[in-house]
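Okay, so here's the structure we're looking at.
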Amino acid sequence: MSSSAPTRRLPRLGVAMPQRLSWNSALTAAILLALIIIDLSIQPALANLTQIGLLVETAMPLVMVSVAQTLIVLVGGIDLSVGGMFVVANAVTVVWVGGGGGAHQLLIVAAFAVGIAMGTLNGLLVTGLGFQPFIATLGTWTIYNGIALTILPTDGGTPPPFLSNFMVATVFGVPTSIVMLVVVFLAWRCLRATRFGGRIYAVGADEERARLNGTSVRRVKLAVYGLAGLCAAIGGIYAAGADVSGTPTAGDAYILMSVAVVVIGGTSLRGGEGGVGVTLMGAMALTLINDIVDALNLNTWVSVAASASLLLVMVAGRTLVEAQLRQRRRR
Amino acid sequence: MKQVGSWIRGRLGVASSYALCAVLFVIGAIHSPGFASASNIRQMLVFASFVGFAALGQTLVIIAGGLDLTVPWLMAFGGIELSRLAAGGMPAVPAIALVVAIGAIIGLINGVGVTWLRIAPIVMTLAMGGLVQAFLLAVGELQSTGDQVPAVAVHLASNRVGPFPVVAIVWLGFAVAAGIVLSRSAFGRRLYAVGANDTVAWLSGVNVALIRILTYTISGAMTTFGGVVLAGYVGTTYLDIGGPYLFTSIAAVIIGGASILGGSGSYWGTVAGALTLTVLSSLLPLFQLSNAGLEIVYGVVILIGVWLASTGHRLLGRLWRRGLALPDNMQGGAGDVSA
């Protein structure tokens with residue numbers, strides 16, 4: 001009797017979420033579509049796989065950092081150290097000095113490992129020592145920035161050649177940046193379908209209920225923080241490849257931008273709602289705004305103002321839609 | 001004696017912040033004699049006051065359960081807009097008043113967005129920060145920059161009354177006022193109530209929205225004032241002048257023993273946090289640390305400081321009390337322990 005109650009409640013949660021999510025996704029998709037149409041009407045030459053590939057390439061570091069942020073936000077946290085993990089991976093990738101040969105591919109593996117390690121450290125501070133996510137990552141943010149500066153004191157370095165080759169390569173005529181965007185999305189859909197994916201949402205929606213249902217909240221969070229570290233690291237590695245050099249101070253700009261992207265996409269900062277799919281759309285939307293402003297030869301302030309306004313409009317719009325839905329449900 | 005003990009115990013979080021600051025200061029004084037000199041202490045007080053101004057509003061906002069990310073842009077706004085107004089022929093004192101008032105209005109908009117539109121504080125203040133940044137960029141891109149900072153701001157930042165810098169005295173005044181308001185006034189009590197549980201506060205008749213809006217308004221005004229003083233000290237203005245203060249204003253509040261979830265904290269704690277951060281950043285270069293090492297130690301000390309102020313002081317307090325209680329018991333007086 002008593003054991004049937006929680007199992008009966010679970011499906012209701014599962015049904016309610018996709019409905020709200022679809023509102024969010026539709027809104028984000030509509031904004032993205034509008035921006036795509038505007039951009040295409042300003043510069044028709046963009047309707048070309050190579051050009052789109054270049055656009056996605058500029059977006060990719062932000063995309064990966066935002067994916068990391070999304071994962072953390074989904075379990076009810078926030079990560080200020082994504083920028084730090086980004087630059088450490090970025091620095092590790094470019095410390096190969098060229099010439100000597102050797103197994104420089106290993107640098108990428110090292111950058112992956114370092115990313116996972118840093119994310120796991122955040123997770124340990126949060127789950128083990130009981131730090132608030134905001135504060136734990138506030139501390140590790142400067143620590144990771146310092147580590148990046150230790151590895152690479154100034155801008156420069158060279159990424160392994162195969163990474164630069166990867167940037168310009170194509171798969172059946174499709175630039176690798178687009179392929180990667182699709183792979184990230186598919187990987188997320190696969191993860192979402194697994195039991196672990198379900199647990200991420202369960203923990204984010206209601207930690208106590210997840211615990212009562214037998215989920216190890218700590219283990220899920222730890223895994224999510226580690227995974228987020230990996231994603232932020234991939235962003236840093238990608239940026240090193242795209243710029244063909246490293247920048248140990250580039251991370252800070254991405255921190256608050258990634259939060260903005262997550263919110264524009266439609267993932268709730270309360271956790272348990274949203275996902276990586278909408279974040280990808282949000283990141284592309286911000287990138288398109290910059291592209292449009294560049295194409296029109298407008299000043300930088302226009303793109304900053306437009307990004308901030310988009311953030312406000314999306315959040316305010318969503319609050320209105322949610323209030324409407326709540327009213328309809330009450331009726 | 002007992003009263004003093006309980007008074008300290010109630011403030012162990014704040015006390016541990018001051019202790020951390022004192023330990024760092026002593027390390028500096030031992031390592032290099034010039035560290036404890038009057039001129040260096042004055043210098044550190046001035047630097048700490050910039051953090052203190054930005055962190056005053058942040059303290060109120062965080063106690064009420066919010067967060068203000070507009071800080072760096074409002075710091076920059078304070079200096080840039082003041083210089084612009086002064087270059088346009090406005091007398092300095094009204095110009096400062098006007099700039100601070102605009103800062104308050106920006107804070108007010110933050111508060112309205114957070115309370116009435118129910119936008120998450122992080123998002124609302126991030127977006128407002130973006131809009132202020134866009135305005136400053138527009139000023140820089142559309143008009144000539146390099147306006148002079150008015151002399152009044154420069155005097156405010158660099159003059160002294162006897163041995164004390166003017167800014168430090170002003171900061172002390174604000175700290176005393178904030179301390180009294182937080183612990184003695186109805187506003188203070190309501191503020192903690194809102195942060196601890198806004199539903200309960202609302203049910204007991206507190207105007208939750210008004211309290212929240214006030215905290216953001218004060219934060220906007222104080223941060224902009226901090227920007228004015230900072231510009232006066234530096235002598236010029238630039239867009240990134242407020243950059244470090246987002247991090248330090250939040251870190252000072254947290255090291256001072258406030259919970260990021262709201263409902264606890266005090267401005268005197270934040271003062272300790274601001275002093276700790278300032279002593280730390282002038283201490284680390286003495287050890288020939290590179291910029292990189294400095295950042296790493298900075299982050300570690302912040303985590304330790306937060307840990308001390310939140311959970312660590314309770315642990316240390318328990319150990320300390322156990323140490324005191326043991327001889328007491330052996331002397332046969334169990335009364336004090338059970339009480």
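In what follows, chains are A, B, ... by sequence order, proteins preceding strands, each numbered from 1.
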Before giving the answer on side-chain contact (heavy atoms from CB on, under 4.5 Å), spell out for A:N122 and A:M118 the whole-Å C-alpha distance, their side-chain angles and the decisive distance to 0.1 Å.
CA-CA 6 Å; A:N122 286 338; A:M118 289 185 293; 5.7 Å; no

Can you tell me which portion of A:Y144 sits under 4.5 Å from chain B's heavy atoms? Options are side chain, backbone, both or neither.
neither

Chain B shares the most heavy-atom pairs under 4.5 Å, among A:I78, A:I143, A:L149, with A:I143

Modelled atom types, side-chain donor and acceptor of A:T279 and A:T70, under 3.5 Å
yes

Assess the residue pair A:L124 and A:L129 against the criterion (side-chain contact (heavy atoms from CB on, under 4.5 Å)); give the C-alpha distance rounded to whole Å, side-chain angles, the decisive distance to 0.1 Å, and a yes or no.
CA-CA 7 Å; A:L124 284 174; A:L129 289 178; over 6 Å; no

Would you mind checking if A:E207 and A:R218 are paired as a salt bridge, meaning a charged N to carboxylate O distance below 4.0 Å?
no

For A:L269, is it the side chain, the backbone, both, or neither that has a heavy atom closer than 4.5 Å to a heavy atom of chain B?
side chain

4.5 Å side-chain heavy-atom contact, B:F47 and B:S281:
no

What part of A:I151 gets within 4.5 angstrom of chain B, counting heavy atoms only: side chain, backbone, both, or neither?
neither

Of all of B:L117, B:L294, B:V123, which one pairs up most often with chain A through heavy atoms under 4.5 Å apart?
B:V123

Chain B heavy atoms under 4.5 Å from A:L125: which part of the residue, side chain, backbone, both or neither?
side chain

I want to know whether B:F247 and A:W141 have ring centres closer than 6.0 Å.
yes

With chain A, which of B:L69, B:I260, B:I302, B:V300 has the greatest number of heavy-atom pairs at distances under 4.5 Å?
B:I260

Any idea which of A:L310, A:D252, A:I135, A:V315 has the most non-hydrogen atom pairs under 4.5 angstrom with chain B?
A:I135

Value for CZ (B:F77) from CD1 (B:I241), rounded to nearest 0.5 Å, stands at 14.5 Å

Do A:E273 and A:S268 have side-chain N/O donor and acceptor atoms under 3.5 Å apart?
no

Can you tell me which portion of B:L246 sits under 4.5 Å from chain A's heavy atoms? Options are side chain, backbone, both or neither.
side chain

Non-hydrogen atoms of chain B under 4.5 Å away: do they reach the side chain of A:T319, the backbone, both or neither?
side chain

In terms of heavy-atom proximity below 4.5 Å to chain A, should B:I254 be classed as side chain, backbone, both, or neither?
side chain

Top contributor to chain A interface from B:A292, B:G293, B:G130 [non-hydrogen pairs under 4.5 Å]:
B:A292

